[in-house]
Undergrad: 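Have a look at this one.
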Amino acid sequence: MTTAFDAKNPALFEAPVPPQEFGQDGGKFYHYYDTLADEIDDNMVAGLKEQLDGLLIFAGLFAGVNSAFLALTLPLMSPDPADDTNALLRDNNAILLNIMLGRNDSLPSTNALPSESFSPTGKIVTVNVLFSVSLTFALVSSFLAVLGRQWLVYYRKRTGGGPERQRWEQLKRFLGAERWRLEGVLDDVLPSLLQIGLIIFCISLTIYLNTLHPMLSNIVGAFMCAGLAILIVTAIFAIWDKFCPFQSPLSHLIRTSGLLIITIPRIMLRFLGWMGVTLHSCSNVGLGDHDTSQAWRHQPRDVHWLSEEAVKEWPDKYLMTPINLLFDYVKRKEEGDGTLQITAIRRAICTSDDARTQVHAVSNILSITDADLLVRLAVDEEFDARIAELCTSSYNRTLQLCGRDRTDLAAATSWLYRAAIAHIFLSTVDPDQSSTQKQMMRCTEGTFDKPSLFPSSDLTLNANPNMSIACLGFLVRFANRQTVKIPARRVALRSTIDGLVNPSWKCISMLTEVIMVQWGIHDGYRSEVYAAWIGKPSTVHRNLKSLLKRSNDPQCRDRDILREYLVDIFKLAGKAAADSGGDSSSRESMAAGFLRFSEGLVRDKKSPSDLINAGRKLRAELINAVRLDFENHDGSNGNYPSAETFNQLRQLFEELTARLKSPSFDPNSPSTQIREVLRGRSPYLVTVGGHPITASNEDDDELVYSFNPILRDLNAALTEKRRSHVFGLDTPRLMWGQSVDQLTAKFAGFKTAVESVSRAIKASTLTASHAYFLAHWCYHEE
């Protein structure tokens, strides 16, 4: 029925790189989809046209037979003129007889004509009514058949505007045909009308034959009842067995009626339950215990109905809004681009047998980020079962199509299906409510013993970032860590890290979760994977601290490899911070979270030197990312930095301030105690000639130097906004102002702590040989 793979030319098959945007894969998906859509539409139109042609022929023959019987029975509805003629002749003969007998004095009275008292019998009326109704059904079905052919012509009518417009317009027509049940109307309703007319004709014919002779009607009626019994029995068979070949409009009607009988009570029960909850809620929100005269005083100022803003917006809010909603309800909205894309993917996956069409459709799933659209696929049982089947068989199927030596192509194809399923699974609001979870579990059965445990860099390079995220999520959630050799997976992970040219923050979050599972810190539970996919800075910060702690554990196996991975994560974070694309609020909050972790790592005396150097190199990129996003979210047009960003920065300065204040010491403390304080600040405390030397002043000074202008610009923007008379009416702006004030206070505390420690060291009783240390340690005020 659908396009099949060209086995004679296996070179045409390839594993596509997931595009950045839907359909931006060189037009390959659209090419295969257009071929599939044209084939589906042509098959439907050709089948319906063939059925309509047969219906028109049968309706014409049936109408002719019906008209012939009506020509016999309609005259029986009116009096026969011959009866009046015979009556008149009878009276005329009586008059002539009297005249011949010479009885002129007594003429017979004239009798009434038969036509004056004529009334058709009940059977005759019934027969003619039924014959007429039967003919009407035939004519209506013929008219609708002609009209149906016109509908099909419009359905396949091409319009201008280029191939893209024609593609989506044809898909809208397909959705419209499904929504209005075009195929059901032409397939079931029209034949049903003709069949009903045929049944009525048989009944009327039986009654008519009964008026001629009962024996004749009994014989014909028996055969007609047998035919009707066959129709009913075959309909029952078709209802009992979905794939029974005896399908008919009657079986479809009975099945639909049964579903309505089951559905209507459920809807009524849900409506009654909703009404009960609503009435109960209304009864608990009474105004009897409140002083309604003072209620307006508790209203927010921005919603006061007597304010100037409220008076201006009253016509639009209370008059035009209901009218617009009414028009929106009356006029149906067209499908959006996302709905059309999801529909195209579903048609390609569920309908096509072409491996190229399916794999290109799967690759385009990764370019869809709207969770509401992906939920439609997640809750579609037919789609879930189909994509699970294709994922399970994709590896062996590719080898059969392209040759046993193409293991790389087979592995890439298999990973495309895995990534698509993981992307749908992780993008749903509540994955546990989706049947995709069961399908994903099915897909993992017997698929991880294949040569490639991670997708090759050729597949992830320049691909949609969701490809790497989904592959990592699929592996960490559904791969059994006990059945796969850890070294092999780590080698494959190395190639994956090298292939992340433009990593996103979410990809880095998923990468940390993979490493957590590989080193046994996490077990790959759904909640852990879903939290990593959300990619909150707090989650990434917690995971990185756990990895750092494990890397400092002497009993940890392969902790050198783990440290290499941490360095790689820092490098990827630098790339993500320098990237100007993606969600800016997520970018700034993740940059702040990584900055908090890296600054703590730099000051941790247990941290290895390579991690400290990586953290220092990453600092400038992260601070610059925070600065740029603060500038882009200065309150204009209602854009404000995320609360998570302020939270991460506040915690950063709190932790650094606490580190500076503990342990505390007296200015007259001996040099050994000062040295212990410095050890707490920097892991690189050494002595030159018995005197402590440290570089941690450079870290603190760089933070103070970098954040001074950022906080200064934030406070300047806040001061300007506060001069506006509407500042207090804007709740987000108020929250932004409070966050800036709190962050400024935390930064001031950190700056004071740095200066305090520097002054304490400077005031300590040191020998002249400490001058070298003081020159590199003290914080210099501007």
Side-chain angles (χ1 to χ4, degrees), residues 296-304 307-310 313 505 534-542 577 582-600 619 622-661 700 703-756:
W296 66 273
R297 297 183 182 274
H298 302 286
Q299 294 283 344
R301 292 182 60 187
D302 56 343
V303 297
H304 199 286
S307 63
E308 182 179 357
E309 293 80 3
E313 69 178 6
W505 288 113
I534 296 297
K536 290 185 177 180
S538 57
T539 303
V540 180
H541 184 266
R542 183 173 60 252
D583 184 6
S584 58
S585 61
S586 174
R587 182 172 63 246
E588 67 181 11
S589 60
M590 287 295 291
F594 261 90
L595 180 64
R596 174 189 168 196
F597 172 75
S598 63
E599 293 302 322
R619 178 187 297 153
L622 296 177
I623 294 177
N624 185 58
V626 173
R627 179 185 62 81
L628 291 177
D629 286 309
F630 274 159
E631 292 177 356
N632 296 331
H633 296 82
D634 57 352
S636 303
N637 300 323
N639 293 325
Y640 301 98
S642 64
E644 185 68 21
T645 301
F646 287 108
N647 183 38
Q648 292 295 324
L649 293 178
R650 285 196 301 267
Q651 293 184 24
L652 166 65
F653 293 127
E654 286 179 358
E655 294 170 357
L656 295 182
T657 303
R659 186 182 293 270
L660 288 172
K661 293 183 178 180
D700 292 335
L703 279 181
V704 174
Y705 177 79
S706 301
F707 273 96
N708 257 331
I710 295 177
L711 269 297
R712 183 177 63 247
D713 294 341
L714 275 178
N715 283 277
L718 179 61
T719 303
E720 182 180 356
K721 298 297 180 183
R722 281 175 171 167
R723 293 175 182 172
S724 175
H725 67 281
V726 297
F727 184 85
L729 303 179
D730 191 348
T731 302
R733 189 173 296 177
L734 280 174
M735 297 178 62
W736 172 63
Q738 294 174 0
S739 299
V740 173
D741 292 338
Q742 295 172 2
L743 179 60
T744 303
K746 296 296 182 182
F747 177 71
F750 167 67
K751 184 176 177 181
T752 302
V754 173
E755 296 172 348
S756 176

Undergrad: From Arg712 CZ over to Thr744 OG1, what is the distance, rounded to the nearest 0.5 angstrom?
TA: 12.0 Å
Undergrad: Of all the heavy-atom pairs spanning Phe747 and Val704, show the shortest one and how long it is.
TA: CZ-O, 3.9 Å
Undergrad: Run Thr752 and Thr657 through side chain to side chain contact (heavy atoms under 4.5 Å, CB included) and show every step you take.
TA: CA-CA 9 Å; Thr752 302; Thr657 303; over 6 Å; no
Undergrad: Using the rule given for side chain to side chain contact (heavy atoms under 4.5 Å, CB included), can you reason through Leu703 versus Leu656, listing the C-alpha separation, both sets of side-chain angles and the distance that settles it, and then say yes or no?
TA: CA-CA 11 Å; Leu703 279 181; Leu656 295 182; 3.4 Å; yes
Undergrad: From the options Leu649, Ile710, Leu652, Asn715, select the one residue that forms a side-chain contact (heavy atoms from CB on, under 4.5 Å) with Leu743.
TA: Leu649
Undergrad: Where is the tightest heavy-atom contact between Ala591 and Ala625, given as atom of each residue plus distance?
TA: CB-CB, 4.0 Å
Undergrad: Atom CD of Gln648 and atom CZ of Phe594: how far apart are they, to the nearest 0.5 Å?
TA: 11.0 Å
Undergrad: When rounded to the nearest 0.5 angstrom, what is the spacing between CG in Leu595 and CE in Met590?
TA: 12.5 Å
Undergrad: Can the ring centres of Phe750 and Phe707 be said to be less than 6.0 Å apart?
TA: no
Undergrad: Kindly compute the distance separating CD (Glu655) from NZ (Lys746), expressed to the nearest 0.5 Å.
TA: 11.0 Å
Undergrad: Begin with the C-alpha distance, continue with both residues' side-chain angles, and end with the deciding distance and a verdict on salt bridge (charged side-chain N to carboxylate O under 4.0 Å, His left out) for Glu644 and Lys536.
TA: CA-CA 8 Å; Glu644 185 68 21; Lys536 290 185 177 180; over 6 Å; no
Undergrad: Any heavy-atom pair between the side chains of Arg627 and Asp713 that's under 4.5 Å?
TA: no
Undergrad: Could you state the interatomic distance from CZ (Phe646) to CD (Gln738), rounded to the nearest 0.5 Å?
TA: 11.5 Å
